[in-house]
Structures are given as structure tokens and as C-alpha cells.
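First comes the structure, then the notes that go with it.
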Amino acid sequence: MAFEYDMAGRGDSSRYEYLYRCMRADIESGEAAPGQRLPSKRVLAKREGVSLVTVEKAYAQLEAEGYVQARERSGYFVALRQPVRVPAADVRTARISRRQEQDDAVPVPSGASAAPVSTAASATGASATGASAAVGEDSARPSAQPPQEFHSGSGLIADFSWPAYNPGVAATLWSKALRDTLAHEGDRELYAPQPSRGSLRLRRAIAAHLASFRGMDVDPGRIVIGAGAQMLYGMVAQLILHATGAGAGTGMPDAHAPALGARLPSSVRLPADASQPSDASLPSDTPVVAVENPGYPRLASIYSAYGFRIRHVPVDAEGIDMDGLDASGASVVHIMPSHQFPTGRVTSVTRRYELLGWLAGGAERYLVEDDYDNEFRLAGRPVPSLASIDVLGRVVYIGTFSKSLGSALRLAYMVLPPVLSRRYDDDLGFYSNTVSVVDQICLSRLLESGDYERHVNRFRTQRRTVRDLFLDALADTPAGGMCHVEEADSGLHFVLAVDAPCGEGRIVRLALRHGVRLAPMSGYVQASSAARPPADRRAARIEDMPLPGYGDSRPRFVMQYDGLTPQAAPQAARALAAAVLEANAARA
């Protein structure tokens, strides 16, 4: 019977882990039907002989991953719909590795509902004085560099529009690791030629890291090291074009596309397809790649440069919209399921299985899983990666160390499914690896020693402390009730929705006047051709269009707090509150 278990069989697992795992298995297998009400927390705690806290933690994790849904004054209900696109047998056999289920160190986001600003309770007791790690181009994806007027004397209190570089613990960690590497590693290791895929030692260390951190059983032979995620995007594009035999391009950027290294300002507002050729100029057999909307603007430019048509598919509360994906005609979809940029949303478990079902609908379909910001969830446990439940061998997994160690190091990796891994040797194996061997060995040492994991845990605690200082200070201002935080636990940015009678533009201007730079959500929205305003005002009025995937018209801002210091957080909150109050003064 569903939701009745023998807790004596939990072995080495904690009570909460075992209860969560058993309940998840009942839901995935269909033993618990969609819409079925779960036992109340008190009833389940009494029946299983565990504490109420144990049940609350299990229910919270199930809710975070989208297995159950909480209804006010009614309890918890099974939310996972029967996966209509994936055979039930595949769902039952695509289990997460036990190694992930036993990993306590890495947290997962809580629910996505908007609420008045408040701090997630986290009395860590850790010092808030540690500096932020260096971050930048690949880590922050949409905002590659600060606006030109940004400099040390800019007078800004805080810049939330891009992930500010703030050298600190990461620089210290890397400097020490580099000195140790040069002092203790032999010349043969440091200066010998490396395979095209990168150092085997580093690939083995990454495989071990993914096994313990993400529950992925990865063959090091399928890992490729690259100098930043953008370079890997280009390699994926070439591999898929070659694997599908598409005649749309040669695998090299077209003359009409912008340079892959082109930098976008943090206030970027790209009208739909602004940097892409029109469909009419492309051959009829040009493959289609679907990207998320709102999303990372540079993705479309990169895929377009390699000869793909681009389709911007809306993101809803559960992830990329499946009807929109089906209608796009895409053979490739590039998504950020663990922490979508810029919405911060986590793709629900139902949508994940629907995506795997979409893959099964075509022999040449691929999914690129961009595991953006996955190490810095601030509450709960890790949500399983799509690659870890991929039974078809069509998911390309891309990860980066840019958030944790800084983008200046240019360290990223991808895990290729078997068919594309074989294709890599045939078509791209002639490339020399693009990352310094010394850097690769240095990172290997950090992963092998456990220093990297300890660094991530410290940095996560520091960033949680800074976030809480900012949100607590904002809640204490008269504008606290007008500001609503969304996805505050899913990574190193959150979304701030503001009650105001004006649009994003006015709030951005007022906030800048008070010393705070904001990034409006509309800056990451690509309008569909059907919804575009007239061409002569397209770029100026895109912010007036409804945001895809949101049920209200509140102005929203992407709050990247990577570089915010504990000292500046309260001051930044008060400055932002002043701008919000000024924007609302028009109501009086």
C-alpha cells in the first residue's frame, strides 16, 4: 500500500532520506495516483514512528522536486502526472544513483511561489566577512561584462545587473593550489601533451565529483574539457550537425552571425532574432534549436552562427513549455533545468520526464542540459540532473567551474552521450585541448583533496548570509510589502517582483539615481514574430510586453548578488526601497 513503509530497512540512510526515497518511488511507479492526497504529517509521523520534523523535511523535498503539491488548508497531493511521453517501464528503471541520495552537502531550491520579501531561516552562525568568489563571463552567462561606465569610482552602492567580480577566497584558494601544483607535480605531468578531450586525471576527478554530487555514473572517456561553456556550445553544435547529417552548414560560423566572443552590455535588450538571419535566408533543411524564453541571449547567436534556425520557447512554472517545444519543430533543445536563467525556476520532475519523452519522439533529437549555477542552491537537496535519468543516450550535460572559481580560469566540461562521444573522435578529435595543462592538473588536485568541495560549502554559506542581510533589510523598510522575492533559494540570483504603477524602465532609472543598478527581466525576453511591435519602436517597447510564464504584470528584476558585500547589503536594500517608494508615489 502506498505511503506505508518499514523504517527498519533504511540501513545507513537517515530517517528523512529513507522516507523521502520511499515516497518518491511510490509516486514514480504509479502506486500513488496523480492527485492522491498524502497522509497528514502527524498521521504519517505516528504511523512510521518518526518525528514530525522528519516528515516535514521529506515533504519539503518532494515538493521542491515537483512530486507533490501543497494546497492551503488541504494538505499535500501527488503532483507528478503519469508521464504520457515516456513508457512507464523507463520511468521505473531510470532511478537516481544512491550516491546522490546520500549527499547532504548540496542544497536544492524551495518552491517558486512569490511572497513578500522574507529571509529563509538559516541561522548558520558562519562569518559573513568572507569575500565573494570571482565570477564573470561564463558563470553569469547573460551579462558578460559590466557596462562601460562601471569603474571603481562609479559611486554605485550595488550592481545587481551582472555577477560582479570580487576577488577573494577563490583567488586565494587557486593561488595556493597553483603553487602546490608547480611544487609537487612532475614535469611529465605538467608539460606533456594531453588528449584532445583534456587531462585524463582531471576527467576522472570530474567523474568522481559528478558521482558524489549529482548522482551521475559517468565514464571519464565521455568527458571533454573546454575553455569556457561558450566554446563547448560551439562543439555541441558541430557534433549535432555532423551526427544528423544536416546540410544547413559546415559547422563553422557564418559570415552573417556575430563573433562568438562579442560582449553584450548588462542592460541588453535584444529584439527577437535581432542577431540571427531570417528563416527565408536559410536552406529548407536547416535544423532547428529551441532555447528558453526568457533566456540567455548569447545562446541564440552561438547556435545561429553554426547554421541552426532559432526558436524561442516560453518558460512556465514547470520549465520549458512542451506545447511550444512541439510546435517549434526543433530537433535540439538547450535548457537550464536546475536553475533557469533568468527566472531561477527549477524544471519539475513531470516536465523532466516529458522532455525525455520528447527525445524519444525522433531519432535525431538531442537535449543540451546546461547545469548552470547548480552548486549554489541554498536550501534542500539536489534535484536530479536530466543526464542521470536519460535512458535514451541523447542528453549532453554541460557544467562549469566559473561560479565557484571564477571565469578568468576558463574551466568547463561536457559529458557526451555515447553516440556523440564517438562522433567527437571522428570529427573533432584533431583539436588540441583549449585549457592549460597546469590549470587542469591544479583543478584535479582540488577535486581529489576535497578542498574544492569545502570551498563551495563555505562560499555557499557566505552568499546565503549576504542574501539574508539584504532581504531582511528590505523587509524592514516601508517598501517591504511592495517587494516580492521569487526563487531566492535556487542559486546566486533571485527575481524581485515589485508592486508599482509604472513599468520596469522607470524603476530602473529611479534605482540608479539612488545608487543601485538593476537588470529588468524584459532584457532577457525575445518577442515572437507574432507579438512584435512595429519595427521602428521594437527595441524601445519590448519591456511593455507581457513576460512569458508569469501570471501578472508586475515589473520584475534579475538580482545577481555575487559581488554584494555584507557591509553594502543593508545600504543597497534601503536605496532600492527608496526607489520603489518613489515609483509608487504616483498612486497617491
Query raised in the report: Going by distance alone, is a donor N or O of one side chain under 3.5 Å from an acceptor N or O of the other, for Ser338 and Asp371?
Result: yes
Report task. Using distance alone, with no hydrogens and no angle criterion, decide if Thr400 and Ser402 have a side-chain donor and acceptor under 3.5 Å apart. Result -> yes
**Report entry** Chi angles and distances behind the side-chain contact (heavy atoms from CB on, under 4.5 Å) call for Leu325, Leu355
**Finding:** CA-CA 9 Å; Leu325 179 58; Leu355 284 163; 3.8 Å; yes
Report task. Over all heavy atoms of both residues, which pair between Tyr397 and Ser385 is shortest? Give the atoms and the distance, please. Result -> CE1-CB, 4.0 Å
Query raised in the report: Is the shortest side-chain N to carboxylate O distance from Asp489 to Arg464 below 4.0 Å?
Result: no
Query raised in the report: Say you draw a straight line from CD of Glu354 to OG1 of Thr347; how long is it, rounded to the nearest 0.5 Å?
Result: 11.0 Å
Query raised in the report: Given Val395 and Leu359, is the side-chain contact (heavy atoms from CB on, under 4.5 Å) satisfied, shown in steps?
Result: CA-CA 9 Å; Val395 175; Leu359 284 176; 3.9 Å; yes
Query raised in the report: What's the verdict on side chain to side chain donor-acceptor pair (under 3.5 Å) for Glu504 and Ser522, showing C-alpha distance, side-chain angles and the deciding distance?
Result: CA-CA 8 Å; Glu504 292 174 337; Ser522 65; 2.5 Å; yes
Query raised in the report: Side chains of Val391 and Leu356: closer than 4.5 Å at any heavy-atom pair?
Result: no
**Report entry** Nearest non-hydrogen partners of Ser328 and Ala290, listed with the distance
**Finding:** OG-CB, 4.2 Å
Query raised in the report: Is any side-chain heavy atom of Val558 less than 4.5 Å from a side-chain heavy atom of Leu496?
Result: no
Query raised in the report: Taking only residues two or more places apart in sequence or in another chain, which ones pass salt bridge (Lys or Arg N to Asp or Glu O under 4.0 Å) with Asp425?
Result: Arg197
Query raised in the report: Considering residues at least two apart in sequence or located in another chain, which fulfil the salt bridge (Lys or Arg N to Asp or Glu O under 4.0 Å) criterion with Arg513?
Result: Glu582
**Report entry** Under the ring-ring contact (aromatic ring centres under 6.0 Å, His included) test, residues paired with Phe557 that sit two or more places apart
**Finding:** none
Query - Worked verdict on Phe308 versus Ile240 for side-chain contact (heavy atoms from CB on, under 4.5 Å) - result: CA-CA 10 Å; Phe308 285 86; Ile240 291 174; 4.3 Å; yes
Query raised in the report: In chain order, what residues pass the side chain to side chain contact (heavy atoms under 4.5 Å, CB included) check against Leu428, with sequence neighbours excluded?
Result: Met235, Gln238, Leu239, Tyr424, Tyr431
**Report entry** Results of ring-ring contact (aromatic ring centres under 6.0 Å, His included) for Phe160 - residues two or more places apart only
**Finding:** Phe470
Report task. Over all heavy atoms of both residues, which pair between Leu564 and Ala158 is shortest? Give the atoms and the distance, please. Result -> CD1-CB, 3.8 Å
**Report entry** Which residues share a side chain to side chain contact (heavy atoms under 4.5 Å, CB included) with Arg422, sequence neighbours left out
**Finding:** Pro418, Val419
Query raised in the report: Would a 4.5 Å heavy-atom cut-off, applied to side chains only, mark Val495 and Glu487 as touching?
Result: no
Query raised in the report: Which distance, rounded to the nearest 0.5 Å, do you find between the CD1 of Ile223 and the OG of Ser421?
Result: 10.0 Å
Query raised in the report: Any side-chain heavy-atom pair from Pro287 and Arg309 closer than 4.5 angstrom?
Result: no
Query raised in the report: Testing Trp174, Phe213, Phe401 for ring pair (Phe, Tyr, Trp, His ring centres under 6.0 Å) with Tyr452, which one passes?
Result: Phe401
Query raised in the report: Are the charged groups of Asp390 and Arg352 less than 4.0 angstrom apart, N to O?
Result: no
Requested in this report: Compare every heavy atom of Gly215 with every heavy atom of Ser388, then report the nearest pair and how far apart it is.
Outcome: CB-O, 3.9 Å
Query raised in the report: Between Asp439 and Arg410, is the closest basic N to carboxylate O distance under 4.0 Å?
Result: no
Query raised in the report: Quick one: do Glu486 and Arg556 make a salt bridge, cutoff under 4.0 Å?
Result: yes
**Report entry** Test: Asp499 and Arg554 ion pair at under 4.0 Å
**Finding:** yes
Query raised in the report: Any side-chain heavy-atom pair from Val218 and Ile206 closer than 4.5 angstrom?
Result: no
**Report entry** Stepwise salt bridge (Lys or Arg N to Asp or Glu O under 4.0 Å) check, Asp316 with Arg351
**Finding:** CA-CA 10 Å; Asp316 62 26; Arg351 189 62 52 83; 3.1 Å; yes
**Report entry** Interatomic distance, Phe459 atom CZ to Asp562 atom CG [nearest 0.5 angstrom]
**Finding:** 6.5 Å
Query raised in the report: Is any side-chain heavy atom of Leu386 closer than 4.5 Å to a side-chain heavy atom of Leu367?
Result: yes
Query raised in the report: Between Met231 and Thr434, is a side-chain contact (heavy atoms from CB on, under 4.5 Å) present by the stated rule, with each step listed?
Result: CA-CA 9 Å; Met231 172 163 285; Thr434 53; 3.2 Å; yes
**Report entry** Distance, nearest 0.5 Å, that separates CG of Leu512 from CG of Leu156
**Finding:** 6.5 Å
**Report entry** Val289 side chain near Val368 side chain, heavy-atom distance below 4.5 Å
**Finding:** no
**Report entry** His334 and its side-chain contact (heavy atoms from CB on, under 4.5 Å) partner, picked from Tyr296, Tyr366, Tyr233
**Finding:** Tyr233
Query raised in the report: Using a distance-only test with no angle check, is there a side-chain donor-acceptor pair under 3.5 angstrom linking Gln440 and Ser199?
Result: no
Report task. Taking the side chain as every heavy atom from C-beta outward, state whether Gln560 and Ser161 have any atom pair closer than 4.5 Å. Result -> no
Query - Nearest atoms (heavy-atom pairs only) where Ala300 meets Ile310 - result: O-CD1, 3.6 Å
Query raised in the report: Do the side chain of Arg365 and the main chain of Trp358 share a donor and acceptor less than 3.5 angstrom apart?
Result: yes
Query raised in the report: From Met559 CE over to His493 NE2, what is the distance, rounded to the nearest 0.5 angstrom?
Result: 11.0 Å
Query raised in the report: Under the 3.5 angstrom rule, does the side chain of Arg203 hit a backbone N or O of Gly198 as a donor-acceptor pair?
Result: yes
Query - Heavy-atom closest pair, residues Leu416 and Val396 - result: CD2-CG1, 4.1 Å
Query raised in the report: Roughly how far, to the nearest 0.5 Å, is the CD1 atom of Ile320 from the NE2 atom of His312?
Result: 11.0 Å
Query - Short side-chain to backbone donor-acceptor contact, Asp321 and Pro314, under 3.5 Å - result: no
**Report entry** Flag, side chain of Glu292 to backbone of Gly295, donor-acceptor distance under 3.5 Å
**Finding:** no
